[in-house]
Protein chains: 2
Amino acid sequence: MTIAQRNTGKETRIQREKREVILKAALDVFSIQGLRGATLEKIAEAAGMSKPHVIYYFGSKDAIYARLLESLLEIWVSPLRDLSRDGDPMTEILTYMRRKLKMSRDMPRESKLFATEILHGAPRTKATLSGDLKTLVDEKAAIIAGWSAEGKIARLDPHHLIFSIWAMTQHYADFDVQVRSILPETGGDALFDEADAFLTSMFTRTLRPAKA
Amino acid sequence: MTIAQRNTGKETRIQREKREVILKAALDVFSIQGLRGATLEKIAEAAGMSKPHVIYYFGSKDAIYARLLESLLEIWVSPLRDLSRDGDPMTEILTYMRRKLKMSRDMPRESKLFATEILHGAPRTKATLSGDLKTLVDEKAAIIAGWSAEGKIARLDPHHLIFSIWAMTQHYADFDVQVRSILPETGGDALFDEADAFLTSMFTRTLRPAKA
DNA sequence: AGCATTTCTATCCAAATGGTCAAAAAACGA
DNA sequence: TCGTTTTTTGACCATTTGGATAGAAATGCT
């Protein structure tokens, strides 16, 4: 009987650890191969255990994928939550951009997993997108619109501003193969330093309010 | 015997038409489901023919995918080829951005196909990326760097500028599900009109040279 | 130690799927 | 019209793969 079925509520230390290992391995495999391209075999091998063992802990391949996605969504939007009405507008937005960029640098597999999910039509995320995420984005967009109206930053569509931050930062994680194919050989972090400089400059110019 | 095997060199009208139909159907299926998620069955159904018939014309599923990708790459970079040293710098770059945005609007399936390929590590495109594409990008980046040095546009890294155009424009095609989940209901083209306005404004501010 | 529970895997199974084959149907050329 | 070639598909096959089963090994409990 699998643990998923038994599910006595409490989780032992060994269960937590094994699940951890499996999720790590699954992230490696899913992020590159996608849900359909990944096989239980590959995940099991990456996790250093047998295929039935993986099933024992999660019940099904889809369950692992769903679990990864679920725990990811929360982390993924967290930088936006911290954008505060009370801070300096320019600083708040640039800080948000930088935190997203750091996430791309430090969690490229997570970024790719999320990207693949959306790209394929977000079958198991759509509800969250148009629910919690929309609520959050609308809320923060309102803050930005406020700054805009007060003349503290330039007049621009706050939703599209947020999209542009997503697009630009995630690009460096999701399409890193392309980026690195074109750029001269740069060590992992150097690329992100370049990106930081460019994006900081770009968003600074974009946000700077027109002279009154 | 399949046509792919026989391959007498010449292609009849009926062959061209059937291949066309199959490629169209395959694009529909691949762009949403990915290479592994798509099945010959689905492609055949979408093309209105039997599974062996699809094999008859292309030999294998992978061959269809490869063919789609190949013919796509050329189209995909063509707007960049038109960026000319002789034009007005700001106009040239904004025009390039707009053409890319239009491609996202008019060819979202192609955009997603390409995105998925890169996301999964570009296994069959890497050579082209670091070859022809890199050459082209380096060439155009040099033009932009020239404009930059002459003070006709702001000082900025031309490679990252190009990446930013890719990232922003493709975002609206590849992540349209997310974008539309968050934005209030807007008809297909209205979204791209908004995006056009935002991006034009963003890149104008980014590129405008600092006062001498 | 001895029993019960949990952890783990070898083996197997059924469904899905990419692709083959032989033959029917259609199109073509004389 | 009649033989030839091309087009089309139903039936079939081999492999892959997600997952079930049963039992072995380990662990925990008393």
Side-chain angles (χ1 to χ4, degrees), chain A residues 1-26 28-30 32-69 120 123-124, chain B residues 1-26 28-30 32-69 120 123-124:
Chain A
M1 189 191 253
T2 76
I3 274 221
Q5 287 163 347
R6 203 172 345 112
N7 195 13
T8 57
K10 280 176 190 70
E11 194 179 44
T12 70
R13 178 186 54 85
I14 204 167
Q15 284 172 23
R16 209 174 333 115
E17 285 175 4
K18 289 287 176 179
R19 272 199 246 255
E20 199 66 28
V21 169
I22 292 171
L23 285 174
K24 266 191 168 52
D28 276 342
V29 180
F30 280 137
I32 300 183
Q33 322 248 1
L35 171 57
R36 304 300 296 266
T39 68
L40 278 175
E41 193 72 44
K42 287 182 207 157
I43 295 172
E45 193 195 330
M49 58 186 75
S50 69
K51 203 169 62 169
H53 201 180
V54 173
I55 293 292
Y56 173 72
Y57 276 110
F58 280 94
S60 77
K61 183 173 114 171
D62 276 48
I64 306 176
Y65 188 78
R67 173 70 167 272
L68 275 175
L69 219 48
H120 288 12
R124 47 203 98 204
Chain B
M1 189 189 254
T2 75
I3 274 220
Q5 286 162 346
R6 203 174 342 112
N7 194 11
T8 57
K10 281 177 191 71
E11 193 180 45
T12 69
R13 177 189 52 87
I14 204 167
Q15 283 171 22
R16 207 172 338 111
E17 285 176 3
K18 289 288 174 179
R19 273 200 246 255
E20 200 66 27
V21 170
I22 292 171
L23 286 174
K24 266 194 166 54
D28 275 342
V29 180
F30 281 137
I32 300 183
Q33 322 248 2
L35 171 57
R36 306 299 298 267
T39 69
L40 277 175
E41 192 72 42
K42 287 182 207 159
I43 295 172
E45 193 196 330
M49 59 186 75
S50 68
K51 204 169 61 169
H53 201 181
V54 173
I55 293 293
Y56 173 73
Y57 276 110
F58 281 92
S60 75
K61 184 173 112 171
D62 275 47
I64 306 176
Y65 187 78
R67 173 70 168 274
L68 275 177
L69 220 47
H120 288 13
R124 47 203 99 205

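Please read all numbers here as calculations on a predicted model, not as lab measurements. Letters A, B, ... are given to chains in the order of the sequence lines, protein chains preceding strands, and every chain is numbered from 1.
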In whole angstroms, how far is the [atom2] atom of [N] from the [atom1] atom of [X]?
X: B/Gln33; N: C/dT17; atom1: CD; atom2: C1'; result: 14 Å
X: A/Ile64; N: D/dG18; atom1: CD1; atom2: C1'; result: 11 Å
X: B/Glu17; N: D/dT6; atom1: CD; atom2: P; result: 18 Å
X: A/Lys61; N: C/dA15; atom1: NZ; atom2: P; result: 18 Å
X: A/His53; N: C/dT11; atom1: NE2; atom2: P; result: 18 Å
X: A/Glu41; N: C/dA16; atom1: CD; atom2: P; result: 20 Å
X: B/Phe58; N: D/dT8; atom1: CZ; atom2: C1'; result: 16 Å
X: B/Ile55; N: D/dT8; atom1: CD1; atom2: P; result: 15 Å

So if I take every side-chain heavy atom of [X] and compare against [options], which nucleotide ends up nearest?
X: B/Leu40; options: D/dG18, C/dT17, C/dG18; answer: C/dG18
X: B/Ser60; options: C/dG19, C/dC8, D/dT17; answer: C/dG19
X: B/Tyr56; options: D/dT6, C/dT6, D/dG18; answer: D/dT6
X: A/Tyr57; options: D/dT9, C/dG18, C/dT7; answer: C/dT7
X: B/Thr39; options: D/dT7, C/dT17, C/dC8; answer: C/dT17

>> Any side-chain N or O of A/Arg36 below 4.0 angstrom from OP1/OP2 of C/dT17?
In response: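 Yes, A/Arg36 has a side-chain N/O under 4.0 Å of OP1/OP2 on C/dT17.
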
> Are OP1 or OP2 of C/dT6 and a side-chain N or O of A/Gln15 less than 4.0 angstrom apart?
Replying inline: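 Answer is no, no contact under 4.0 Å.
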
> At under 4.0 Å between heavy atoms, what does A/Ala63 touch on the DNA or RNA strands: base, sugar-phosphate, or nothing?
Replying inline: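 Nothing, no heavy atom under 4.0 Å.
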
> Atom CG in A/Asp28, atom NZ in A/Lys24: separation rounded to 0.5 Å?
Replying inline: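 The distance works out to 9.5 Å.
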
> Measuring from A/Ile43:CD1 to A/Tyr65:OH, what's the distance to the nearest 0.5 Å?
Replying inline: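 Atom-to-atom, A/Ile43:CD1 and A/Tyr65:OH are 11.0 Å apart.
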
> Does a sphere of radius 6.0 Å around CD in B/Gln33 hold more than 12 heavy atoms from other residues, nucleotides or ligands, not counting ones at 6.0 Å or beyond?
Replying inline: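 Check passes, neighbour count above 12.
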
>> If I compare all heavy atoms of B/Val21 with all of B/Ala47, which pair ends up nearest, and what's the gap?
In response: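 Residues B/Val21 and B/Ala47, closest heavy atoms: CG1-O, 3.6 Å.
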
>> Between the base of D/dG19 and the side chain of A/Lys51, is one N or O donor paired with an acceptor at under 3.5 angstrom?
In response: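 By the distance-only test, yes, there is a pair.
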
>> By nearest heavy atom, map B/Lys42 and A/Pro52 onto DNA chain C; which one lands nearer the 5' end?
In response: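 Closest to the 5' end, via its nearest nucleotide, is A/Pro52.
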
> For A/Arg124, what residues pass the salt bridge (Lys or Arg N to Asp or Glu O under 4.0 Å) criterion, not counting sequence neighbours?
Replying inline: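 Partners of A/Arg124 by the salt bridge (Lys or Arg N to Asp or Glu O under 4.0 Å) criterion, ordered by chain and then number, come out as A/Asp62.
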
